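Keep in mind that this is a model prediction, so the values were computed, not measured.
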Amino acid sequence: MITFTDVTKMYGDNVGLENASVDIDKGDFVFLVGPSGAGKSTFIKLILKEIDADSGSIRIGDYEVTQLSNREVPQLRRKIGIVFQDFRLLPKKTVYENVAFAMEILHRSKRQIRKRVPQILSLVGISDKADRYPQELSAGEQQRVAIARAIINNPKVLIADEPTGNLDPDTASGIMELLDQINMTGTTILMVTHAKDIVDRMHKRVVAIESGHIVRDEFGQYGYEEAGDQREEVFDDE
């Protein structure tokens with residue numbers, strides 16, 4: 001579903017990614033971890049073709065991303081849902097309208113929208129909030145709306161960029177249960193996170209990046225102990 005083969009991206013003399021290779025299968029749930037500035041954002045931007053690789057191959061499903069023209073990029077992005085740490089909801093639209101908007105921009109019919117949106121709001125557990133505005137919701141509820149919007153068009157891949165970063169532990173746990181539920185329907189999930197407790201508890205596949213290099217790719221724990229600005233690798237041999 002997502003394959004990087006010897007991908008390099010430089011920013012002048014600074015390394016974004018260097019000779020990075022990874023293969024994420026359909027239906028995988030993968031945590032992308034590593035220190036700030038390690039290359040995680042570069043990895044995501046390359047998937048979305050927000051930036052271009054200097055060399056190597058990136059394949060997302062049937063798309064060879066490195067060879068896509070600008071005209072073809074929207075087709076790729078329609079296959080990918082994105083959830084952000086800061087929700088990015090439209091403040092003047094209700095919950096229903098925020099989620100419906102993702103269908104409207106793809107020119108779905110009103111009938112399709114009326115059928116699909118309530119189904120997704122029920123899936124993410126906010127059916128009773130359909131007429132509320134974002135500012136009337138808790139942070140956890142806003143993130144559920146963001147997730148609903150991200151999956152409304154049945155993406156093959158869901159990218160979650162620090163989706164629990166602004167949430168308290170109990171709310172974050174609920175969001176992770178929801179993402180796990182979505183993953184079990186067959187959606188491939190790639191989640192960028194610094195939340196060591198969540199990664200350790202979920203025991204999913206972990207891809208760790210450091211200084212632009214993939215240094216770990218296995219099922220297990222987060223792999224870093226953080227104390228201030230000091231980070232010590234604690235990769236185990238399990």
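Separation of atoms CD1 (Ile47) and CD1 (Ile58) is listed at 7.5 Å; rounding is to 0.5 Å. One finds the CD1 atom of Ile152 at 8.5 Å from the CD1 atom of Ile113 (value rounded to the nearest 0.5 Å). Taking CG from Asp52 and CD from Gln67, the interatomic distance works out to 12.0 Å, rounded to the nearest 0.5 Å. For the atom pair OG1 of Thr193 and CE of Met202, the computed distance is 10.5 Å after rounding to the nearest 0.5 Å. To the nearest 0.5 Å, atom CG of residue Leu190 and atom CE of residue Met1 are 12.5 Å apart. One distance of note links CD of Glu18 with OG1 of Thr42; it measures 12.5 Å at 0.5 Å rounding.
Between Ile182 and Ile147, the shortest heavy-atom distance links the atoms CD1-CG2, 3.5 Å. What you find for His203 and Phe219 is that their closest heavy atoms are O-CD2, 4.1 Å. Heavy atoms only, all atoms of each residue included: Glu162 and His194 are closest at OE2-ND1, 2.6 Å. Between Ala172 and Leu167, the closest heavy-atom pair is N-CB, 4.1 Å. Closest of all the heavy-atom pairs between Asn98 and Lys93 is ND2-O, 3.0 Å.
Taking the six-membered ring for Trp, Phe31 and Tyr222 have ring centres at least 6.0 Å apart.
With a 4.5 Å cut-off on side-chain heavy atoms, Ser57 and Glu64 count as touching. At least one side-chain heavy atom of Ile159 sits under 4.5 Å from a side-chain heavy atom of Ile44. The side-chain heavy atoms of Val215 and Ile209, taken from C-beta on, include no pair separated by under 4.5 Å. For the pair Val22 and Phe43, the minimum side-chain heavy-atom distance is below 4.5 Å. In this structure the side chain of Thr187 never reaches within 4.5 angstrom of the side chain of Val157, judged on heavy atoms. In this structure, the side chains of Val33 and Val206 come closer than 4.5 Å at one or more pairs of heavy atoms. With a 4.5 Å cut-off on side-chain heavy atoms, Leu89 and Gln142 count as touching. Between Leu17 and Thr8, the closest side-chain pair of non-hydrogen atoms is not below 4.5 Å.
Residue Lys204 qualifies as enclosed at atom NZ: its count of foreign heavy atoms under 6.0 Å is above 12. More than 12 heavy-atom neighbours from other residues, nucleotides or ligands sit within 6.0 angstrom of CG on Asp128.
Within the 3.5 Å criterion, the main-chain N or O of Gly174 finds no donor-acceptor partner in the side chain of Glu177. Remark: the backbone N or O of Met10 is paired with a side-chain donor or acceptor of Asp54 at under 3.5 angstrom. Between the Thr5 side chain and the Gly56 main chain, no donor and acceptor come within less than 3.5 Å of each other. Side-chain atoms of Asp25 never come within 3.5 Å of backbone atoms of Asp28 as a donor-acceptor pair (strictly under, hydrogens ignored). Checked by atom type and distance alone, the side chain of Gln75 never pairs as donor or acceptor with a backbone atom of Glu72 at under 3.5 Å. The closest donor-acceptor contact from the side chain of Asn19 to the backbone of Val7 lies at 3.5 Å or more, if one exists at all. For the pair Glu141 (side chain) and Ser138 (backbone), a donor-acceptor distance under 3.5 Å is present. The closest donor-acceptor contact from the side chain of Ser127 to the backbone of Ser122 lies under 3.5 Å. A distance-only check finds no donor-acceptor pair linking the side chain of Arg149 to the backbone of Val83 [under 3.5 Å].
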Salt bridge (charged side-chain N to carboxylate O under 4.0 Å, His left out) between Lys40 and Asp161, intermediate numbers included: CA-CA 10 Å; Lys40 302 185 299 297; Asp161 190 359; over 6 Å; no
Arg205 and Glu218: CA distance, side-chain angles, deciding distance, salt bridge (charged side-chain N to carboxylate O under 4.0 Å, His left out) verdict: CA-CA 5 Å; Arg205 181 179 171 190; Glu218 64 184 29; over 6 Å; no
Stepwise side-chain hydrogen bond (donor to acceptor under 3.5 Å, both in side chains) check, Asp23 with Thr3: CA-CA 4 Å; Asp23 193 4; Thr3 301; 2.9 Å; yes
Derivation and outcome, side chain to side chain contact (heavy atoms under 4.5 Å, CB included), residues Leu179 and Met191: CA-CA 10 Å; Leu179 291 176; Met191 176 171 160; 4.1 Å; yes
Intermediate values then yes/no, side-chain hydrogen bond (donor to acceptor under 3.5 Å, both in side chains), Asp170 and Ser173: CA-CA 5 Å; Asp170 287 343; Ser173 180; over 6 Å; no
Worked verdict on Val95 versus Tyr133 for side chain to side chain contact (heavy atoms under 4.5 Å, CB included): CA-CA 6 Å; Val95 167; Tyr133 288 88; over 6 Å; no
Derivation and outcome, side-chain hydrogen bond (donor to acceptor under 3.5 Å, both in side chains), residues Ser21 and Asp6: CA-CA 5 Å; Ser21 295; Asp6 298 326; 3.3 Å; yes
side-chain hydrogen bond (donor to acceptor under 3.5 Å, both in side chains) between Gln85 and Asn166, intermediate numbers included: CA-CA 6 Å; Gln85 178 177 349; Asn166 288 331; 3.2 Å; yes
Stepwise side chain to side chain contact (heavy atoms under 4.5 Å, CB included) check, Arg114 with Tyr96: CA-CA 10 Å; Arg114 285 195 300 267; Tyr96 184 100; 3.9 Å; yes
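A continuous path of ILVMFWY side-chain contacts below 4.5 Å connects Ile51 to Leu76, so both sit in one hydrophobic cluster.
Tyr11 carries Lys9 over the face of its six-membered ring, with the cationic atom under 6.0 Å from the centre and within 45° of the normal.
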